[in-house]
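Notes to accompany the following structure.
Values in this document were obtained by computation on a predicted structure and should not be read as measured data. Any value given below was found using the heavy atoms of this structure, including those in side chains, with hydrogens, waters and symmetry copies removed.
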Amino acid sequence: QVQLVESGGGSVQAGGSLRLSCAASGWPYNSYSSRYMGWFRQAPGKEREGVAGIDSDGRTRYADSVKGRFTISRDSAKNTLYLQMNSLKPEDTAMYYCAADVRGLGGVFLLNRMAYKYWGQGTQVTVSS
């Protein structure tokens, strides 16, 4: 069972930056080449949406709304996923969730919440104008 723990959320003014972290543990044996992870967010009254994803080969995908502002990365040695968020806007306010799976998917699936089995508890990001 993969466990995911997010951190790094908080309150920031528009134009500011935050870096989210997601510590992962409990990966299935021999799953390294099939792992993929992503960041999702959910604002009150809205559906959970994919923000950024990264596959086992390091290929990334971003939602159009965050391209050029957010960067997803990972430190395999530390089993940690990151989301660097710059030029934050009030509309980025949401609960942010880390997600992971080991089915070897990629491409458009990286932003599809149905492609992920494992989820963290979320970390709140609030951007004020």
Side-chain angles (χ1 to χ4, degrees):
Q1 186 82 357
V2 179
Q3 290 89 40
L4 304 171
V5 179
E6 304 98 333
S7 62
S11 297
V12 65
Q13 288 193 327
S17 298
L18 283 173
R19 188 176 81 155
L20 306 183
S21 299
C22 172
S25 61
W27 293 106
Y29 176 74
N30 212 27
S31 66
Y32 186 83
S33 62
S34 62
R35 299 173 188 173
Y36 54 98
M37 299 184 75
W39 288 99
F40 288 74
R41 67 186 181 186
Q42 188 168 17
K46 295 188 177 181
E47 289 192 356
R48 191 170 298 189
E49 63 174 356
V51 174
I54 185 167
D55 69 14
S56 60
D57 291 324
R59 290 174 293 217
T60 59
R61 182 170 287 262
Y62 296 92
D64 288 343
S65 59
V66 306
K67 281 181 181 176
R69 300 188 299 122
F70 291 10
T71 303
I72 188 171
S73 63
R74 65 184 179 198
D75 184 332
S76 297
K78 296 182 179 179
N79 266 320
T80 302
L81 181 73
Y82 301 100
L83 184 68
Q84 178 66 44
M85 305 186 295
N86 298 329
S87 302
L88 282 161
K89 304 175 181 180
E91 50 263 44
D92 294 318
T93 295
M95 184 72 77
Y96 282 71
Y97 298 90
C98 175
D101 207 299
V102 294
R103 286 179 281 177
L105 300 179
V108 296
F109 291 101
L110 294 178
L111 299 183
N112 186 334
R113 59 188 176 93
M114 301 303 292
Y116 292 86
K117 178 178 180 179
Y118 306 104
W119 293 85
Q121 294 300 307
T123 185
Q124 178 68 37
V125 172
T126 302
V127 185
S128 58
S129 57

Whether Gln1 side chain and Gly26 backbone form a donor-acceptor pair below 3.5 Å: no
Cation over ring face, Arg103 and Tyr36, 6.0 Å, 45°: no
Shortest non-hydrogen separation from Leu20 to Thr123 and the atoms involved: CD2-CG2, 4.0 Å
Listed partners of Phe40 passing ring pair (Phe, Tyr, Trp, His ring centres under 6.0 Å), at least two apart: Tyr116, Trp119
Option from Gln42, Gln124, Arg41 for which side-chain hydrogen bond (donor to acceptor under 3.5 Å, both in side chains) with Tyr96 holds: Arg41
Hydrophobic cluster identity match, Phe70 and Val125, side-chain contacts under 4.5 Å: yes
Donor + acceptor pair across side chains of Ser76, Tyr32 (<3.5 Å): yes
ILVMFWY network linking Tyr62 to Phe109, side-chain heavy atoms under 4.5 angstrom: no
Side chain Arg69, main chain Ser87, donor-acceptor under 3.5 Å: yes
Any donor-acceptor N/O pair, Asp57 side chain to Arg59 backbone, under 3.5 Å: no
Least distance between heavy atoms, Asp55 atom then Gly106 atom: CB-CA, 4.4 Å
Derivation and outcome, side chain to side chain contact (heavy atoms under 4.5 Å, CB included), residues Glu47 and Arg113: CA-CA 10 Å; Glu47 289 192 356; Arg113 59 188 176 93; 4.3 Å; yes
Nearest-0.5 Å distance that lies between atom CZ in Arg61 and atom CD1 in Ile54: 13.0 Å
Residues Asn86 and Ser17: side-chain donor-acceptor under 3.5 angstrom: yes
From Met114 atom CE to Leu105 atom CG, the distance as rounded to the nearest 0.5 Å: 12.5 Å
Ala63 to Leu111 - nearest heavy-atom pair and separation: N-CD1, 3.7 Å
Approximate separation, where rounding is to 0.5 Å, of Ser21 OG and Arg74 CZ: 15.5 Å
Hydrophobic cluster identity match, Tyr118 and Met37, side-chain contacts under 4.5 Å: yes
Cluster check Val127, Leu18: I/L/V/M/F/W/Y, side chain < 4.5 angstrom: yes
Ser129 side, atom OG; Glu91 side, atom CD - distance, nearest 0.5 Å: 10.0 Å
Hphob cluster co-occupancy, Trp39 + Tyr82, side-chain heavy atoms under 4.5 angstrom: no
Heavy-atom side-chain proximity of Met85 to Asp92 below 4.5 angstrom: no
Nearest non-hydrogen partners of Asp101 and Trp27, listed with the distance: O-CZ3, 4.2 Å
Interatomic spacing from CD1 in Ile72 to CG in Leu81 - rounded to 0.5 Å: 4.5 Å
Shortest non-hydrogen separation from Pro90 to Ala14 and the atoms involved: CD-CB, 4.1 Å
Under 3.5 Å: donor-acceptor pair, side chain of Ser34, backbone of Val102: yes
Rounded distance (nearest 0.5 Å) linking atom CZ of Arg35 with atom CG of Asn79: 6.0 Å
For Thr93 against Ala43, the heavy-atom pair lying closest together: O-CB, 3.8 Å
